[in-house]
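A short worksheet on the structure shown next.
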Amino acid sequence: MSTRPEIEADAQSFIERIFEHLNVAEDVRQRLACAKFSAQVSIPVRMDDGTLEVFQGWRVQYDDTRGPTKGGVRLHPKVSAAEVTDLSFWMTIKCAVVDLPFGGAKGGICVDPKRLSRLELERLSRGYIRAIHDLIGPDRDIPAPDVNSNATVMGWMADEYAQIERRQVPAVITGKPIGLGGSAGRVAATGRGALQVLQLWASREDKSPQQLRIAVQGFGNAGYHFARLAHQAGYRIVALSDSKGAIYDKAGLDPQPIWEHKNQTRELKDMVYCDESVCEQSKAERISHEELLELDVDVLVLAALEDAIDDDNAERIKAKVILEIANGPVTRKADQLLADAGVVILPDVLVNAGGVIVSHLEWVQNRTGDYWSEETVEQRLDERIGKAAEACFARAEAEQVSLRTAAYLQGVERIADAMSNQGTRTYFNARSD
Ligand code: NAD
């Protein structure tokens with residue numbers, strides 16, 4: 001078990017720049033430079049053929065000054081301690097940007113879930129919870145879904161926790177199926193929140209949905225719900241991609257039948273929507289992953305993984321606006337290159353906060369036993385993300401900074417305020433004066 005790992009140089013250099021704009025105590029800088037707690041666990045899983053495989057997992061609780069820590073569990077072959085630490089840092093900032101009473105955490109298991117049977121995946125999910133059981137709880141740290149982990153996985157995890165505890169503790173995990181205490185509106189929350197932010201930006205710029213052509217990288221949970229809702233709202237979705245390929249139709253694609261086709265087999269490994277029948281059905285043209293990113297569109301939505309745009313491809317990006325649904329999809333160097341080229345970036349710590357906002361609502365419902373309609377949940381989501389977005393837009397304008405810097409200023413200021421209320425060196429110096 002290791003302690004206090006630092007965030008990667010990229011995230012570190014960005015937070016240093018934020019401190020140049022904010023007058024915060026040195027204590028705050030030091031505390032935000034590394035994670036409060038980090039655990040690496042081994043998860044032995046009996047495979048269907050009788051052999052044993054041991055998977056590596058992590059849980060990093062970055063900062064809990066503003067409340068119990070909150071963050072998803074990623075299942076991916078590239079998961080590492082460094083990636084989980086960066087993601088937990090971004091969760092800390094995000095929860096503060098939208099003013100939730102949570103700190104930030106993240107978990108992950110280094111696995112290719114497409115290689116596992118359903119039962120193997122269930123045994124792995126339950127094993128992960130047995131390994132981190134003592135570290136989590138409704139007032140301590142609350143996991144949720146992330147890449148490749150969905151409501152079903154959260155249901156297994158919540159059930160494993162309940163079995164160990166010998167009582168029901170639904171508020172320990174969010175993103176559960178509705179029948180197990182999940183919230184109405186959770187599955188679509190990230191996509192819906194992202195669309196809200198885009199709509200608010202578009203109306204400030206006097207642009208109507210019909211004027212904006214959108215390409216979406218990452219047609220998974222968040223990307224699909226965003227594309228579906230954006231299509232309904234009148235935006236033109238001209239391109240979609242997943243890890244297997246990309247499709248383009250300048251007349252516009254309807255995301256719904258494409259998603260249905262992709263899910264037909266219910267097997268992750270068979271979720272290739274860009275096969276002959278769909279391409280014919282949608283008259284879409286197959287393009288490469290790189291071509292999708294470099295399309296001449298108004299809005300490029302990044303809803304896959306980190307580092308989709310780096311200093312190699314930044315100068316070839318033609319979109320005027322980037323909507324970051326994924327966490328960390330633009331590297332810091334690329335961020336600067338895009339800013340120099342006049343590209344507006346609507347940043348991840350604001351744009352993808354819809355998921356954690358509805359996770360908070362699920363946590364509140366689990367704790368009170370009072371469950372709300374989808375309409376109520378959506379209204380609360382829209383209000384919270386709308387308020388945070390307007391505050392970021394106003395701050396960016398007032399201080400002449402990027403929207404990312406404005407969002408970080410909002411978040412770090414709240415965390416710094418909470419830390420100084422706990423008693424920083426400044427407080428003790430003031431007392432001794
Ligand atoms: P998901 O696993 O459902 O979807 C990810 C999608 O990205 C998959 O369709 C995958 O095939 C695709 N993909 C992977 N590599 C790609 C590539 N190189 N090019 C194109 N597509 C590629 O995951 P998700 O839950 O939709 O999460 C997507 C991103 O959004 C992640 O960065 C995640 O951290 C972030 N996010 C998700 C939520 C949420 O509630 N789901 C909340 C906040 C942030």
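In this chain, numbering begins with 1 at the start of the sequence shown. Counting starts at 1 for both ligands and their atoms, following the listed order.
For atom 20 (C) of ligand 1, the nearest non-hydrogen atom from the set A144, A188, G354, S241 comes from S241.
An N or O contact shorter than 3.5 Å is missing between P145 and ligand 1 by distance. Checked against a 3.5 angstrom limit, the closest N/O atoms of K106 and ligand 1 fall outside it. In terms of polar-atom proximity, G223 is not counted as a contact of ligand 1, lacking any N or O under 3.5 Å from an N or O of the ligand.
Residue R186 touches ligand 1 through its side chain alone, judged by heavy-atom distances below 4.0 Å. Only the side chain of R74 comes within 4.0 Å of ligand 1, counting heavy atoms alone; its backbone N, CA, C and O stay farther away. Contact annotation: for F219 versus ligand 1, heavy atoms closer than 4.0 Å belong to the backbone alone. Under 4.0 Å from ligand 1, heavy atoms of N221 appear from its side chain as well as its backbone. Contacts between M91 and ligand 1 below 4.0 angstrom, taking non-hydrogen atoms only, are absent altogether. Residue A303 touches ligand 1 through its backbone alone, judged by heavy-atom distances below 4.0 Å.
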Problem set entry | Chi angles and distances behind the salt bridge (charged side-chain N to carboxylate O under 4.0 Å, His left out) call for D99, R66 | CA-CA 9 Å; D99 205 7; R66 287 173 44 84; 3.0 Å; yes
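Counting atoms of ligand 1 from 1 in the listed order, those under 4.0 Å from a heavy atom of D146 are 33 (C), 34 (O). Every atom of ligand 1 is numbered from 1 in the order shown, and the set under 4.0 Å from a heavy atom of K262 is 9 (O). Within ligand 1, the atoms closer than 4.0 Å to a non-hydrogen atom of A222 are 26 (O), numbered from 1 in the order shown. Atoms of ligand 1 lying under 4.0 Å from any heavy atom of H289, numbered from 1 in the order shown and given with element: 19 (N), 20 (C). Against a heavy-atom cut-off of under 4.0 Å, N327 is close to the following atoms of ligand 1: 32 (O), 33 (C), 34 (O), 35 (C), 44 (C). Interface atoms of ligand 1 facing V147, defined by a heavy-atom separation under 4.0 Å, are 2 (O), 23 (O), 27 (O), 31 (C), 33 (C).
Nearest heavy atom pair, residue R404 against residue V330, reads NH2-CB, 4.2 Å. Taking all atoms of both residues into account, the shortest heavy-atom contact from C392 to Q410 is SG-CG, 4.1 Å. For the residue pair R316 and D312, the shortest heavy atom distance occurs at NH1-O, 3.2 Å. The nearest pair of heavy atoms linking R186 to P145 is NH2-CD, 3.8 Å. Across all non-hydrogen atoms, the minimal contact from A144 to S359 is CB-OG, 4.3 Å. Of all non-hydrogen atoms in A239 and L295, the two that sit nearest each other are CB-CD1, 3.5 Å.
Heavy-atom separations between H225 and ligand 1 are all 4.0 Å or longer.
Scored by the ring pair (Phe, Tyr, Trp, His ring centres under 6.0 Å) test, F102 finds H360, W363 as partners (sequence neighbours excluded).
At the shortest separation from atom 39 (C) of ligand 1 among protein heavy atoms lies T190 OG1, 3.2 Å. The nearest heavy-atom contact from the protein to atom 2 (O) of ligand 1 is N148 N, 3.2 Å. When hydrogens are left out, the protein atom nearest atom 31 (C) of ligand 1 is A304 O, 3.2 Å; that is the closest non-hydrogen contact. The protein non-hydrogen atom at the shortest distance from atom 36 (N) of ligand 1 is I325 O, 3.9 Å. Nearest to atom 17 (C) of ligand 1 among the protein's heavy atoms is Q217 NE2, 4.1 Å. The closest protein non-hydrogen atom to atom 43 (C) of ligand 1 is N352 O, 3.5 Å. Given atom 14 (C) of ligand 1, the protein heavy atom at minimum distance is S243 CB, 3.8 Å. For atom 4 (O) of ligand 1, the nearest non-hydrogen atom of the protein is G220 CA, 3.2 Å.
In summary, the side chains of E260 and Q256 do present a donor paired with an acceptor at a separation below 3.5 Å, with no hydrogens or angles considered. At a cut-off of 3.5 Å, with distance as the only test, no side-chain donor of T152 or R118 sits close to an acceptor on the other residue. Side chain to side chain, E165 and H133 meet the donor-acceptor criterion of an N or O pair below 3.5 Å. Remark: the K70 side chain and the T174 side chain contain an N/O donor-acceptor pair separated by less than 3.5 Å.
Between I322 and I317 the shortest side-chain heavy-atom distance falls below 4.5 Å.
The aromatic rings of W259 and H225 are tilted relative to each other, their planes meeting at an angle between 30° and 60°.
Using a 4.0 Å cut-off between a side-chain N of Lys or Arg and a carboxylate O of Asp or Glu, D48 and R123 qualify as a salt bridge.
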